Amino acid sequence: MSQIDLALQQDESTSEHAYASRSQWKMMVSRFKKNKRAMVGFWMVVFCVAVALLAPWVAPYDPIEQNMQIMLEGPSLNHPFGTDEFGRDILSRIIHGTQISLMTGIVGVLIAVILGVALGTISGYFGGLADTLIMRIMDIFMAFPSFLLALAIVSVLGPGMINVMIAIGIFSVPTFARLSRSSVISIKDKEYIEAVKAMGGSHLHIIIKHVIPNSIAPIIVLSSMRIATAIITAAGLSFLGMGAQPPTPEWGAMLSTGREYLRVAPHVSTMPGLAIMFLVLGFNMLGDGLRDALDPKMKL
Amino acid sequence: MFAYIVKRLLQVIPTLIGVSILTFFLIHAVPGDPARMIAGPEASAEEVAEVREHLGLDQPLYVQYGKYVSNLLKGDLGVSLRSERPVLDEIMGRFPSTITLTVMAIAVMVVIGLFAGIFSATRPNSLIDNVTMMVSLFGISLPVFWLGLMLILLFSYYLNLLPSGGNDGFSHFILPALALGLSSSAILARLTRSSMLEVINQDFVRTARAKGVKEKLVVYKHTLKNALIPIVTIIGLEFGTLLGGAVLTETVFSINGLGRFIIQSIQFRDYPSIQGSILFVAAIFVIVNLLVDLCYGLVDPRVKYE
Amino acid sequence: MKPKLLEIKGLKTYFQTEEGVVPAVDGVDIVVYEGETVGIVGESGCGKSVTSLTTMRLTPGKVVAGSISFQERDLLALSDEEMRKVRGNEMAMIFQEPMTSLNPVFTIGQQIGEAIEIHMQYSKQQARARAIDMLKLVGIPRAEQIVDEYPHQLSGGMRQRVMIAMAMSCNPKLLIADEPTTALDVTIQAQILDLMRELKEKHNTAIMMITHDLGVVAEMCDRVIVMYAGKVVEEADVVTLFTNPKHPYTQGLMKSIPRLNGTDERLYSIKGSVPIPGTLRKGCTFAPRCEYATDICRQEIPELNEIEDNHSCRCWLYEAKGEQA
Amino acid sequence: MSIRETPLVEIRNLKKYYPITKGLLKRTVNHVKAVDGLDFTIFKGETLGLVGESGCGKSTTGRTILQLLQPTEGEVIYEGKNLVGMNTRELRKLRKNMQMVFQDPYASLDPRLTVGEIIAEPMEIHRLYTGKEKDKRVDELLEVVGLSSYHAKRHPHEFSGGQRQRIGIARALALEPQLIVADEPVSALDVSIQSQVINLLQDLQGQFGLTYLFIAHDLSVVKHISDRVGVMYLGRMVELADKHDLYDRPLHPYTQALLSAVPVPDPLAKRERIVLQGDVPSPANPPQGCTFHPRCHACMEICKTQRPKWTEVDGRYVACHLYE
Amino acid sequence: GNNASSGEQPAAEGPKDLVVALGSEPISLDPQDASDGISLHATELIYDKLVTFDKDMKIVPELAKEWSMSEDGKSWTFTLQEGAKFQDGEPVNAEAVKASFDRILDKNNKLKRRSLFADFIESVSVESEYKVSFQLKFQYAPLLATLAHPNGGIHSPKNTAEKGKSVGKSPVGSGPYQFKEWISGEKLVLEANPNYWGEKPKVKSITFKPVVENAARSLMLETGEADVILPIPATDIERLKSNDQVKVELYPSNRNLYMGMNTQKAPFDNVKVRQALNYAVDKETIVNKIMMGNAKPAEAAISGLTWGYSPVGTYPYDPEKAKQLLAEAGVKPGTTIKLWTPEGRYLMDRQLSEFVQANLQAVGFNVEFRKWEWGAYQEAIDDPNSGYDLFLLSWAVPTNDADWGLRPNFSTEGSNNRTLFSNAELDALIDQGMKTTNEEERKQIYAKALQIIKDEAPWIFLVEMKQPIGVRKNVEGVYGSNTERLILRDADKK
Ligand SMILES: Nc1ncnc2c1ncn2[C@@H]1O[C@H](COP(=O)(O)OP(=O)(O)OP(=O)(O)O)[C@@H](O)[C@H]1O
Ligand SMILES: Nc1ncnc2c1ncn2[C@@H]1O[C@H](COP(=O)(O)OP(=O)(O)OP(=O)(O)O)[C@@H](O)[C@H]1O
Ligand SMILES: [Mg+2]
Ligand SMILES: [Mg+2]
């Protein structure tokens with residue numbers, strides 16, 4: 001100890017001051033909080049999640065019970081968003097639809113994240129033949145316009161929300177695989193990974209303890225943006241009649257059926273459209289904010 | 001450059017083969033028996049078997065795939081179950097509408113997106129920048145089909161300015177192209193802004209300023225040309241989004257294009273048509289991206305030498 | 001004494017950041033005389049680059065105080081258009097990173113020619129011819145071919161030569177070189193330094209040489225300015241500074257670098273680390289690391305005083321002229 | 001000197017070629033000969049400096065010795081055992097004895113872990129200490145490198161470059177290694193911080209009897225810290241000698257040029273400078289014969305065709321036809 | 001032109017294209033192979049029949065100038081117009097008529113409308129160049145009405161010989177309009193047949209466009225993009241009525257809308273379940289709210305406009321009774337059933353099905369819903385085993401006679417018997433009705449049959465439709481027949 005340069009120990013005073021003891025996480029949170037747009041997005045999403053969870057309690061009416069006496073009524077005090085062609089309360093249907101859209105978006109993206117990160121990590125970390133193979137397959141998937149790919153998958157699986165989730169999962173896999181591959185590649189040659197190799201850490205140890213945690217930030221950002229895409233895509237599939245079937249209060253399907261009344265009762269399709277936009281906007285703003293907080297240079 | 005083009009062309013081939021394999025097996029994974037569908041509901045088991053044999057559906061999959069590919073190379077995509085016409089004819093009959101729509105949408109996207117992006121990037125964090133970016137966030141969050149409906153509501157129903165559907169002329173494509181192009185233009189605007197900003201902070205831009213280059217030239221010559229690479233890429237990728245979105249737009253605006261054909265074929269379980277048209281669209285997309293890649297060569301001298 | 005070419009007085013350039021105001025340059029006085037080479041040394045982040053960029057009026061930061069006069073003109077008062085005409089013409093700059101300072105999508109000829117077209121009103125062909133001449137001047141072989149090549153086809157040393165050619169193409173009075181050799185290998189550095197010396201002799205260009213390498217300073221400069229945390233702490237002619245450094249920071253710096261001809265004994269080390277701008281407390285910025293720091297050092301900021309002829313220092317130790325540590 | 005007596009690592013004909021691939025099928029069309037036949041010995045307790053210009057293969061050498069890169073050819077004999085081709089298990093055990101300190105103090109620490117976790121990680125991997133003992137050991141190590149135990153709970157980004165470098169050193173020390181490969185450990189540091197780290201490394205060597213392979217491109221630093229110095233050029237070692245011999249009396253023309261190119265922080269020193277022409281050629285297609293010959297002021301005909309041998313001259317090694 | 005206003009060109013030469021927007025597109029232009037109404041709107045223009053209905057549903061000559069029946073009523077002889085030509089130039093003669101009927105009678109041709117004729121025609125023979133006679137298996141009362149059905153259109157024998165099954169894509173008849181082009185999904189264009197033997201067509205061409213979206217169809221009429229639309233969405237009828245550019249007519253139609261079920265499959269093999277379904281559906285609300293008054297509850301399996309109709313009554317809306325019947329039949333609440341529906345084919349079809357879905361959910365079923373585009377739908381429900389339990393469909397009677405109202409749908413061997421319904425007594429009655437000539441007797445028979453059908457309830461009986469046709473003010477000569485044909489033969493556009 002005595003041989004150590006004592007001068008080294010005296011720098012606490014400066015370091016103390018210069019490097020405020022804030023964890024990275026806290027720094028991100030505070031950066032996120034400072035971003036007004038991100039916070040608005042965050043609360044929009046939180047609001048939707050709350051609505052989805054509390055749907056049975058907050059929805060004023062049963063979403064599928066028909067009441068032909070009040071069909072196609074415009075917005076009123078009793079029915080703030082009006083009623084649809086079966087006299088169902090559009091607000092209640094939108095509230096219940098939140099569950100479906102959120103579920104579809106989140107589950108679809110979750111499927112993609114799990115598959116995509118696994119494939120991308122393997123591909124990026126090990127490189128070589130596995131990489132070539134995986135990435136070529138991803139290229140093939142990317143060769144399809146994504147909406148068409150989803151459509152094709154649903155047409156194979158048959159209509160229905162579960163199948164829509166699977167389709168969304170599959171068509172998003174390449175995006176996640178590519179992103180996680182590229183961030184894994186940028187990380188795997190970092191010196192701290194080499195340091196772990198030098199101390200004898202196994203590949204599994206490195207992947208789980210270092211590679212994945214460090215490559216997850218862009219994945220989180222992409223996920224939130226991708227949920228937005230997924231929600232729109234799911235609504236689009238339902239719009240084409242490939243997703244939720246009546247009387248499910250799915251937003252895209254509501255919009256689709258409402259367009260017959262576009263003339264006489266524009267609210268029937270306008271309201272679900274606004275709902276989609278609200279939720280999607282929320283996720284997009286959240287994603288933007290997360291990106292700015294986690295890594296502003298991220299190209300997403 | 002020529003060698004580069006050839007190289008890139010060769011690289012497309014495996015992708016296209018993969019695409020054909022994927023569509024082929026996707027369609028063959030569909031539950032239901034095409035032979036049964038073709039033979040008709042009243043057909044007896046023998047008749048179905050006959051049809052199956054006739055179509056070669058009794059052979060192993062790889063043999064079927066081989067046949068499919070060899071037909072493909074001859075430009076034969078099979079015959080539509082629905083119309084009993086060659087799928088390629090059906091596709092070519094509708095493709096002009098779709099490509100018109102897509103190209104017009106690209107035009108919308110490029111004109112609006114590029115302009116807004118540059119506009120924002122040159123005034124970072126100003127009020128106008130914030131507003132532009134907020135609007136583009138809205139744009140990204142709009143479902144195409146809803147936007148289409150709202151445009152119809154506004155321009156066709158209320159204002160009675162433009163037709164709400166069909167494909168008999170330029171005016172019929174204005175609303176659909178707007179609906180389709182707007183959200184992509186929002187994406188392009190954001191990307192243009194961020195890549196412009198990224199470039200504008202780079203050393204060589206500072207070098208240009210240090211030389212005394214006029215600010216306009218700094219932006220449009222030194223910055224934009226460098227920012228163009230991601231922009232061109234996104235234009236290529238958005239082409240795919242637009243092709244996909246065309247399915248929805250064509251439905252909303254009753255345009256008889258490829259997208260609607262795909263939907264109809266799916267609803268009809270017209271397998272050769274689904275397979276053929278999806279393959280066709282994928283091939284177009286791959287080729288467009290190839291062209292985009294070739295554009296890099298024009299934009300970025302580094303590409304050729306990779 | 002030669003006439004003053006550039007005089008920076010009391011310059012302060014601040015940045016508004018998320019973490020608050022960063023006083024990157026916080027009171028800098030620099031004089032450059034015609035034809036001389038002035039070295040600016042200091043550690044990373046001490047404000048060397050910001051000073052030079054502010055001189056060119058290219059910094060994104062805000063000049064909150066001070067004046068910059070160049071050939072008797074107040075640069076800070078010029079219109080953008082007038083300033084643009086100064087840049088690249090009478091005053092040119094080369095940067096640290098030759099890899100990123102050239103625009104990858106234009107040919108070498110286009111990039112050198114651009115300044116020539118702008119400032120000398122040459123036609124495209126004339127500019128190109130001059131570009132080739134400039135390339136030859138900076139010792140680039142095959143200049144006629146290189147002129148049509150793109151930056152990525154050149155090595156780091158070649159690119160830095162191109163940067164110099166570009167800067168010199170309009171015969172500037174003042175060349176600001178911000179760490180022109182830091183990214184280069186020693187053998188290449190030697191080439192570039194030789195080239196700069198040569199050009200300076202030939203064209204009587206004054207050079208403001210920014211570096212953190214004391215070796216480069218010793219070899220290239222006539223006068224040296226030492227910066228620490230946004231301020232000039234010492235200024236002297238090169239021999240005086242190396243033989244008789246006054247400021248404790250300069251002294252520490254001199255003692256802490258290993259030398260080729262040095263002995264094997266332990267290196268001196270300045271304790272602590274460079275403060276992050278914006279986190280400074282009151283008093284002398286170097287006080288927390290200074291062996292001689294007294295109470296006054298921690299309370300009040302010393303002035304930059306001329307303690308000997310042409311030798312100034314910012315330290316309480318020399319408040320009374322002639323007194324020594 | 002006694003430290004020269006026991007070899008710790010012997011490197012024989014070490015080569016590392018990176019394939020240059022082309023096309024979709026990743027055909028190997030050429031190789032970057034990053035390291036092209038090195039022979040030298042690192043003795044117990046010494047500091048062997050390695051200098052050379054950017055891209056000459058210094059880092060590759062260090063990594064290949066530690067088996068972080070699979071050598072293309074050659075042997076790395078550590079205490080009698082050849083590390084090349086050794087099975088993973090055995091190698092992992094031996095890794096305890098060899099650690100690395102990196103150039104970039106920002107990239108070499110996982111930003112998501114606390115300093116304590118970073119230093120504890122090697123112990124966890126080798127299951128050396130557990131629980132309280134481990135924490136105690138972390139505190140000890142922090143003190144050894146001049147930090148305090150309360151730093152353990154912080155994240156790397158809260159530290160300055162010099163402090164981070166010390167964390168990296170503490171991590172390397174955790175397994176009590178014999179050999180530390182330090183790849184430009186001070187290049188990224190500020191001048192005034194550089195000396196702190198150099199001093200620390202020297203102190204630790206005395207304290208723990210460490211052996212260093214010290215890689216740097218700054219000749220003055222290498223001279224200061226090393227016992228012997230090897231000079232590399234384009235994947236090959238051109239000269240290896242005791243530092244005083246090397247710096248006072250360089251044999252190889254490249255070494256001479258290199259030394260003369262270093263700017264000396266003394267305005268009064270007037271020196272004769274050998275300015276080399278041209279750039280370092282690409283290691284993908286190095287010149288025939290002696291790779292240095294196109295830039296050499298003493299180039300002979302033979303240099304253009306024949307690769308000079310690695311020969312011993314007066315107890316030092318040089319690869320130059322002048323001395324064959 | 002009829003109402004000659006000054007400066008107007010002769011219509012047939014004018015560049016006049018009559019655009020007709022329909023809810024979907026034809027399936028086949030081979031009348032012998034087309035069973036959907038949309039196709040028949042078009043074939044009606046391309047083909048002539050031996051006889052036809054006039055506007056008042058009276059049978060009048062078309063290709064046949066006159067006809068006579070043998071004593072026993074089992075042999076009919078038709079004398080043809082001379083000089084009529086097919087659009088490919090072939091003469092319309094007895095040979096051609098025989099060839100055309102032989103084609104549909106041949107079982108091997110598997111034409112969809114074979115049973116319309118094969119059940120009673122024994123053979124067709126050529127008497128002389130312009131005389132053709134039909135030998136019947138038995139005396140068949142609605143013979144003329146059946147021949148007046150668009151499915152009785154006479155093909156050019158040359159064309160059928162050449163094209164075989166694909167005649168449906170390149171039809172040749174002798175009608176006033178001939179096939180020009182058909183771009184699937186976009187348009188079907190028929191152009192005036194310049195050599196038409198009868199009154200010359202008044203517009204140069206007629207273009208059929210499939211416009212699935214109701215709103216788009218209405219808009220096209222308003223903007224003049226379409227001259228004729230069918231159907232008008234119920235929600236737009238009132239609004240369009242007030243548009244002075246447009247005429248809105250609600251033509252009575254003999255189309256009955258129903259929801260069929262597979263009577264062979266549990267639980268629908270139980271008559272109680274079938275009745276329960278009928279009790280469960282609120283027909284009044286359908287009529288008033290969904291159809292907005294443009295329909296009325298069906299009181300029998302055929303419409304009141306059809307000959308042989310007798311009102312056997314509707315099942316009242318009684319969910320309690322429905323639940324009770326279901327309980328009796330042992331159907332557990334929550335039983336999942338699949339309901340398929342077309343969208344865009346019939347007025348408010350999808351909405352109606354959704355409403356029925358809700359009705360059925362209300363009595364305890366869990367109804368999985370699936371909607372289809374018409375073309376796909378037809379194929380999908382062709383196979384009773386393709387997965388549905390309930391399907392929405394309708395039946396119009398082009399012969400306007402109860403025989404064709406019942407035989408295809410309810411006789412065990414019926415060509416359209418998608419419900420797989422089989423009842424020996426009913427089979428006998430239908431057979432009897434077909435062979436009886438005494439009108440009063442026939443009526444009795446059909447009354448009985450309709451009662452059985454109601455009781456056995458292989459359908460959920462829904463509504464009798466009206467046909468809302470929208471026409472631009474400048475278009476004349478367009479109307480909808482009771483048999484729900486859109487009659488365009490005399491259409492003229494000013
Ligand atoms: N655009 C900027 N925004 C905010 N802070 C900045 C900006 N540019 C520079 N700074 C800050 O100003 C201080 C001085 O920076 P400067 O680049 O002048 O240092 P330097 O002496 O040139 O260092 P180096 O040797 O690393 O080039 C630094 O702390 C830096 O963080
Ligand atoms: N993974 C790799 N693939 C291909 N070539 C490589 C790779 N890593 C290094 N090289 C090449 O090998 C040569 C030696 O590289 P190395 O990093 O060992 O040099 P170095 O002496 O450490 O240089 P520096 O001083 O820049 O760190 C260089 O030409 C480099 O481009
Ligand atoms: Mg700098
Ligand atoms: Mg290195």
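Quick caveat: nothing in here was measured; it's all calculated off a predicted structure. Protein chains get the first letters and strands the later ones, always in sequence-line order, with residue 1 at the start of each. Basis for what follows: all heavy atoms, side chains included, without hydrogens, waters or symmetry-related copies.
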Legend entry - Atom of Tyr157(B), atom of Arg263(A) and distance for their closest heavy-atom approach: CD1-CD, 3.4 Å
Inset, instruction - Quick one: closest heavy-atom pair of Ala282(B) and Pro145(A), and the distance? - result: CA-CD, 4.5 Å
Legend entry - Toward chain B, the part of Leu274(A) with a non-hydrogen atom under 4.5 Å: both
Inset, instruction - Count the heavy atoms of every other residue, nucleotide or ligand shown that sit under 6.0 Å from CG of Leu154(B), and state whether that count exceeds 12. - result: yes
Inset, instruction - Quick one: list whatever passes side chain to side chain donor-acceptor pair (under 3.5 Å) with Arg37(A), sequence neighbours left out. - result: none
Inset, instruction - Heavy-atom pairs under 4.5 Å with chain B are the metric here; pick the option from Gly236(A), Ala228(A), Gly158(A) that has the most. - result: Gly236(A)
Legend entry - Crowding at NZ, Lys33(A) (>12 non-hydrogen neighbours, <6.0 Å): no
Inset, instruction - Hey, could you give me the NZ/CG distance between Lys36(A) and Asn130(B), rounded to the nearest 0.5 Å? - result: 8.5 Å
Inset, instruction - Mind ranking Leu279(B), Ile284(B), Thr251(B) by heavy-atom pairs under 4.5 Å with chain A and telling me who comes out on top? - result: Thr251(B)
Legend entry - Greatest number of heavy atom pairs closer than 4.5 Å to chain B - which of Ser146(A), Ala235(A), Pro159(A), Pro266(A): Ala235(A)
Legend entry - Shortest non-hydrogen contact between Ile266(B) and Ser155(A), atoms and distance: CG2-CB, 3.3 Å
Inset, instruction - Measure distances from Thr270(A) to the heavy atoms of chain B and classify the residue's part below 4.5 Å as side chain, backbone, both or neither. - result: both
Inset, instruction - Check whether Tyr158(B) gets within reach of chain A through its side chain, its backbone, both or neither, counting any heavy atom under 4.5 Å. - result: side chain
Inset, instruction - Answer yes or no: does atom CE of Met103(A) have more than 12 heavy-atom neighbours from other residues, nucleotides or ligands under 6.0 Å? - result: no
Inset, instruction - Could you pull out all residues at least two apart from Thr233(B) that satisfy side chain to side chain donor-acceptor pair (under 3.5 Å)? - result: Tyr296(B)
Legend entry - Most chain A-contacting option - heavy-atom pairs closer than 4.5 Å, from Leu242(B), Val247(B), Asn289(B): Val247(B)
Legend entry - Top contributor to chain B contacts, counting heavy-atom pairs under 4.5 Å, from Leu237(A), Ile137(A), Leu279(A), Leu262(A): Leu262(A)
Inset, instruction - Could you look at Ile21(B) and say if it's the side chain, the backbone, both or neither that has a heavy atom under 4.5 Å from chain A? - result: neither
Inset, instruction - With a 4.5 angstrom heavy-atom cut-off, could you sort out which part of Met242(A) is near chain B: side chain, backbone, both or neither? - result: side chain
Inset, instruction - Look up atom CZ in Phe147(A) and atom CG in Leu248(B), then write down how far apart they are to the nearest 0.5 Å. - result: 4.0 Å
Inset, instruction - Please test Ile263(B) against Leu151(A) for side-chain contact (heavy atoms from CB on, under 4.5 Å), starting from the C-alpha separation and ending with a verdict. - result: CA-CA 9 Å; Ile263(B) 298 286; Leu151(A) 191 63; 3.7 Å; yes
Inset, instruction - Give the member of Thr15(B), Val19(B), Val286(B) that has the highest number of heavy-atom pairs under 4.5 Å with chain A. - result: Val19(B)
Inset, instruction - With a 4.5 angstrom heavy-atom cut-off, could you sort out which part of Phe144(A) is near chain B: side chain, backbone, both or neither? - result: both
Legend entry - Contacts with chain A made by residues 133-146 of chain B (heavy-atom distance under 4.5 Å), listed by residue number: Met133(B), Met134(B), Leu137(B), Phe138(B), Ile140(B), Ser141(B), Leu142(B), Pro143(B), Phe145(B), Trp146(B)
Legend entry - Engaged part of Ala143(A) at the chain B interface, taking heavy atoms whose separation is under 4.5 Å: both
Inset, instruction - Report the residues that fulfil salt bridge (charged side-chain N to carboxylate O under 4.0 Å, His left out) with Arg260(B), sequence neighbours left out, ordered by chain and then residue number. - result: none
Inset, instruction - Quick one: pull up CZ in Arg136(A) and CD1 in Ile17(B) and give me the separation to the nearest 0.5 Å. - result: 13.0 Å
Legend entry - Residue selection (most heavy-atom pairs with chain B, distance under 4.5 Å) from Ile276(A), Leu240(A), Val154(A), Thr229(A): Leu240(A)
Legend entry - Distance in Å, Ile274(B) CD1 paired with Leu148(A) CG, rounded so as to fall on 0.5 Å steps: 11.5 Å
